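Note that these values count all heavy atoms, side chains included, but never hydrogens, waters or copies made by symmetry. The structure displayed is predicted, hence computed values, not measured ones. Reminder, nothing fancy here: chain letters follow the sequence lines and each chain counts from 1.
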Amino acid sequence: MAASAALPRPRRSRQLWIERLTGAGFAVPAFILLLLANLLPLIAVLYLSLTDYEFGALESRFVGLENLRKALADPIIRRSVSNTLLYVAIVLPGAVLLGLAIAVLVHGRKRSRGFYEVAYFLPVTSTLIAMATVWQFLLHPRLGPVNGALRWLGLPEVPFLSDPVWALPTLAVIGIWQLLGFNMVLFLAGLSAIPKDLYEAAEIDGCASGIDRFLTITWPLLGPTTMFVIVTTLITAFKVFDTVAVMTRGGPMGTSEVLLYNIYLEGFQYFHTGYAAALTVIFLLFILAFSVAQTFVLERRVHY
Amino acid sequence: MAASAAIAQPIPARATSAQIRIGRLLSLAVTHTVLLAGAAFMLLPFVWMLTTSLKSPGEIFSADFTLWPQKFSAIENYDRALTSAPLLRFALNGFVICFGILVVQLLVAIPCAYALAKLKFPGRNLLFVLVLLGLCIPVQVPALPLYIALAKLELLNTYFAIMFPFFLSVFAIFLFRQFFKGFPDDIIHAARLDGMSEFEIVWRIVVPSAWPAIAAFSVFSAVAHWNDLYWPLIVVSDMKLAPPPLGMMFFADAETGSNYGALTAAATILTAPLVIAFMIARRRFIEGITMTGVK
C-alpha cells in the first residue's frame, strides 16, 4: 500500500484502471456461466411453472398459478411431500444423534481412531447406486442375510422393500448409513476445538461424571457444530432420490415416492414440463428455507 | 448417548489404583464394543458385496448363509459382469467426466475468486451476492430448462451435456475467495512492482499457496460427480456415455434374473476406484468432502 501511494498520480490512476479491467475480465467467464447454468434457468423455471408447456409441444398457454394450485391439491404430490418429510424426520435425528455419539466415542481413541474413521466414513465415498444394489440383496426376503438372521432368531421375515409400511423407513436407514460418517467427521472437528483444560476445571468444580461433563461442557460448546450438522443433514435428506429411483421406484403403491422423484417423473418421463416446474418451485422453497437457516448458522460460526 | 457418557470413567474420588485400572479397562471394553458393532453395520454391505462376488450361484441361492465362499466362482462372476455390460467404459466415462468438470471448474473459479478477494471492479458486490444465491440452488432446480435447451441444441447424449451444469462451481468460488482473502497484499504489490501481470500473479504466486484448498475441493468435486445420478439419468440414454451410477442402473435393470454374483462383481468394480483412492489419501478425502462444514 505504501509503495503504491508513493507513486506519481497518473500511474496510480492507471493502476486502478488496470485493476478494474482485470477484475472484470477475471470475473466474466464465471459470470457468463453463472448466467447460463443457474440464473437464466432459474428464471425460466419460474416462468415455466406459470404455463401449461409440455416438452415437444408447439404451443403453450399462460395459466398463472393453476399448476401450483393443482399440485397442492394433487393427492400424489401431497403424499410425496409427506413421504419426503417423514424420511427427513427419520434420517435427521438418526444421522445427527448417532453421528454425535460415535464422534464422542471415537474422539478419545488414539491407535484405533484411523480404523474407525475409515469404517464409518467409507459409505460417504462409495457410489450409492452400486451400494443400493448390494442393500437390495442384503434385504432380499429369501436370499438376503438380514432376513436369514431374522429367521435364525425365530422372527418372521420382513419384506423390507416391498412392504408399504417398511419401504420408506428402510430407505431412511440406508440414508442414515450413508450420512453417519459425514456427520461424525464434522462432530470430531468440533470436539477437537474444545480446550482440554475446560474438562479439568469442570472436574475440580465437581463435575465428576461423564454425563455431567457432557452436559456442562461438550454439548453447549458443540452448539454451533450441531446446528450446522442439523441443517446440512436436513438439506441432504430432503434431496433424497438415488435410493428411491433404484431400489423401490416409489413403490410399493407410492409409499416411497418422494418429491424429487415425482419431479423427475413429471418432468423427464411424462414431459409435463409446466407442472414439473411448479413442483420444482415447491422443492426450491423448501431448500431455500433450509439454506436461509444455514447462512444464518454459517454467519454465527464465522464470528466464533 | 447415555452409553458414551456413562463409560467416560465414572470413578469415585477415593478409588484405589486397581479400581481405577479396572474401571478404565471396563469403559474401554464398552466403548470398543459399541464402536465395533456400529462399524460392523457400516461395513456389512462392503464385506457382503466382496464375498458374494466370489461365490457360485448355488451358494448365493442356498438357504444357509456363509460369509466366506466354499467354492470360488470369482472368475465367472467378474467375467460375466465385464462382458454383459461395458463396466470399464462406465469407469472411463466417470474419469473423463470428473476430470473435465474439475479442470473447467478450477480455470473459471480461481480467477473469479481472486478478483472477488483482491481486486476492485464494478459489479463485484452484485456478483458476490449472486454467488451466495447460487450456493442455495441445487442442480435439480435448473434441470428442466437446461434439459430443454440442450435438447433444442441437439446436445443430449454428449459428454458436454453431462458436464455443462457443473462447469461453474459457486462453491469453489466461495471457498477460494475465503482462502485468497488471507493471502498477504504486500506480496501481491511487490509482484506488481516487479512487473508481473495479474494473470501471472494468480497462477504463479497465489495458486501454489492455495494448494490445500484446491486439493480439498478437487476431492469434493470428483466424489460428487463420480457418484451423481440425477443429471446423467436425465441427459444420457446412450449406455456408452453412462457414468458409473447410471451404468450400474442399466446393468442392474438388464440383470433381471437377480444374478447377484455378477451384480456384486459389477458393484465392486464401480466402487473400487473411489474406495481405493480414499484408503490411500484418507486425510485429504475427509478434509475435502467435509470442508463445507469444517471451514
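Heavy atoms closer than 4.5 Å to chain B are found nowhere in A:V281, neither backbone nor side chain. With a 4.5 angstrom heavy-atom cutoff, B:T52 touches chain A only via side-chain atoms. Only the side chain of B:V202 comes within contact range of chain A, with heavy atoms under 4.5 Å apart. In this structure, the portion of A:W135 lying under 4.5 Å from any heavy atom of chain B is its side chain and not its backbone. Using a 4.5 Å cut-off between heavy atoms, B:V219 does not touch chain A at all. Looking at B:A109, there are no atoms closer than 4.5 Å to chain A (heavy atoms on both sides), in backbone or side chain. Using a 4.5 Å cut-off between heavy atoms, A:Y53 touches chain B through its side chain atoms alone. Only the side chain of B:K152 has a heavy atom closer than 4.5 Å to any heavy atom of chain A. For a residue to count as touching a neighbouring chain, one of its non-hydrogen atoms must lie under 4.5 Å from one of that chain's; by this rule A:F271 touches chain B with the side chain only. Contact annotation for B:I110: neither backbone nor side-chain heavy atoms come within less than 4.5 Å of a heavy atom of chain A. The parts of A:F137 that come within reach of chain B are both its backbone and its side chain, each placing non-hydrogen atoms under 4.5 angstrom from that chain.
Annotation for B:L35 and A:Y120: closest pair O-OH, 2.7 Å, computed over non-hydrogen atoms. What you find for B:V170 and A:L34 is that their closest heavy atoms are CG1-CD1, 3.6 Å. Between A:I287 and B:P138 the shortest heavy-atom distance is CG2-CD, 3.9 Å. Closest approach of B:F164 to A:A37, counting heavy atoms only: CE2-CB, 4.1 Å. When all heavy atoms are compared, the tightest approach of A:I129 to B:M249 is CG2-N, 4.3 Å. Closest of all the heavy-atom pairs between A:F55 and B:A151 is CZ-CB, 3.5 Å.
Ranked by heavy-atom pairs under 4.5 Å with chain B, the list A:L36, A:N38, A:T133 is led by A:T133. Residue with the most contacts toward chain A among B:R282, B:K118, B:R124: B:R282 (heavy-atom pairs, distance under 4.5 Å). Ranked by heavy-atom pairs shorter than 4.5 Å toward chain A, the options B:P165, B:G38, B:A224, B:G123 are led by B:G38. Options A:A277, A:G144, A:A245 differ in how many heavy-atom pairs under 4.5 Å they form with chain B, and the most are formed by A:G144. Contact tally against chain B (heavy-atom pairs below 4.5 Å) for A:A149, A:A24, A:A44: the top residue is A:A24. For the set A:L284, A:V118, A:V246, the entry with the most heavy-atom pairs within less than 4.5 Å of chain B is A:V118. Ranked by non-hydrogen atom pairs under 4.5 Å with chain A, the options B:A115, B:P245, B:P122 are led by B:P245. Among B:P45, B:A39, B:G134, the residue making the largest number of heavy-atom pairs under 4.5 Å with chain A is B:P45. When each of A:G108, A:G25, A:S112, A:G114 is scored by its heavy-atom pairs under 4.5 Å with chain B, the top score falls to A:G114. Of the listed residues A:L180, A:L122, A:V28, A:V229, the one with more heavy-atom pairs under 4.5 angstrom with chain B than any other is A:L122.
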Exercise. How far apart are the C-alpha atoms of B:F285 and A:T125, what are their side-chain angles, what is the distance that settles it, and do they pass the side chain to side chain contact (heavy atoms under 4.5 Å, CB included) test?
Worked result: CA-CA 8 Å; B:F285 258 69; A:T125 48; 3.4 Å; yes
For this session: I would like to know whether A:Y116 and B:M42 meet side chain to side chain contact (heavy atoms under 4.5 Å, CB included); could you show each step before the answer?
Result: CA-CA 10 Å; A:Y116 288 126; B:M42 302 305 276; over 6 Å; no
For this session: For the pair B:L270 and A:T127, evaluate side chain to side chain contact (heavy atoms under 4.5 Å, CB included) and give the outcome as yes or no after the intermediate values.
Result: CA-CA 8 Å; B:L270 292 180; A:T127 307; 5.5 Å; no
For this session: Given side chain to side chain contact (heavy atoms under 4.5 Å, CB included), test A:L260 with B:Q140 step by step and report yes or no.
Result: CA-CA 8 Å; A:L260 214 42; B:Q140 290 87 357; 3.6 Å; yes
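Within 6.0 Å of the CZ atom in A:R113, the count of heavy atoms belonging to other residues, nucleotides or ligands exceeds 12. Surrounding CH2 of A:W152 are at most 12 heavy atoms belonging to other residues, nucleotides or ligands under 6.0 Å away. Atom CZ of B:R284 has more than 12 heavy atoms from other residues, nucleotides or ligands within 6.0 Å.
A donor-acceptor contact shorter than 3.5 Å links the side chain of A:E19 to the backbone of B:K120.
For the atom pair OG1 of A:T22 and CZ of B:F199, the computed distance is 12.0 Å after rounding to the nearest 0.5 Å. With values rounded to the nearest 0.5 angstrom, B:L144 atom CG is found 10.5 Å from A:S49 atom OG. Here the straight-line distance linking atom CG of B:L133 with atom OG of A:S291 works out to 9.5 Å at 0.5 Å rounding. To the nearest 0.5 Å, the span separating CG on B:L44 from CG on A:L138 amounts to 5.0 Å. If you take CD on A:Q269 and CG on B:L233, they are separated by 7.5 Å, rounding to the nearest 0.5 Å. B:S169 OG to A:L33 CG: the interatomic distance, rounded to the nearest 0.5 Å, is 11.0 Å.
With a 4.5 Å cut-off on side-chain heavy atoms, A:V173 and B:F41 count as touching. Residues B:R283 and A:E117 have side chains in contact (heavy-atom distance under 4.5 Å, counting atoms from C-beta outward). Taking 4.5 Å as the limit, every side-chain heavy atom of B:N227 sits out of range of all side-chain heavy atoms of A:D242. Using a 4.5 Å heavy-atom cutoff, the side chains of A:F115 and B:L36 are in contact.
Looking at residues two or more places apart in sequence or on another chain, you find no salt bridge (charged side-chain N to carboxylate O under 4.0 Å, His left out) involving A:E266.
A salt bridge between A:K239 and B:D228 is absent, with no side-chain N of the basic residue lying under 4.0 Å from a carboxylate O of the acidic one.
Ring-plane geometry between B:Y230 and A:Y264 is classed as perpendicular, the angle between the planes exceeding 60 degrees on a 0 to 90 degree scale with a lower cut at 30. Using a 30° and 60° split on the angle between ring planes, B:F278 and A:F121 fall in the tilted class, from 30° to 60°.
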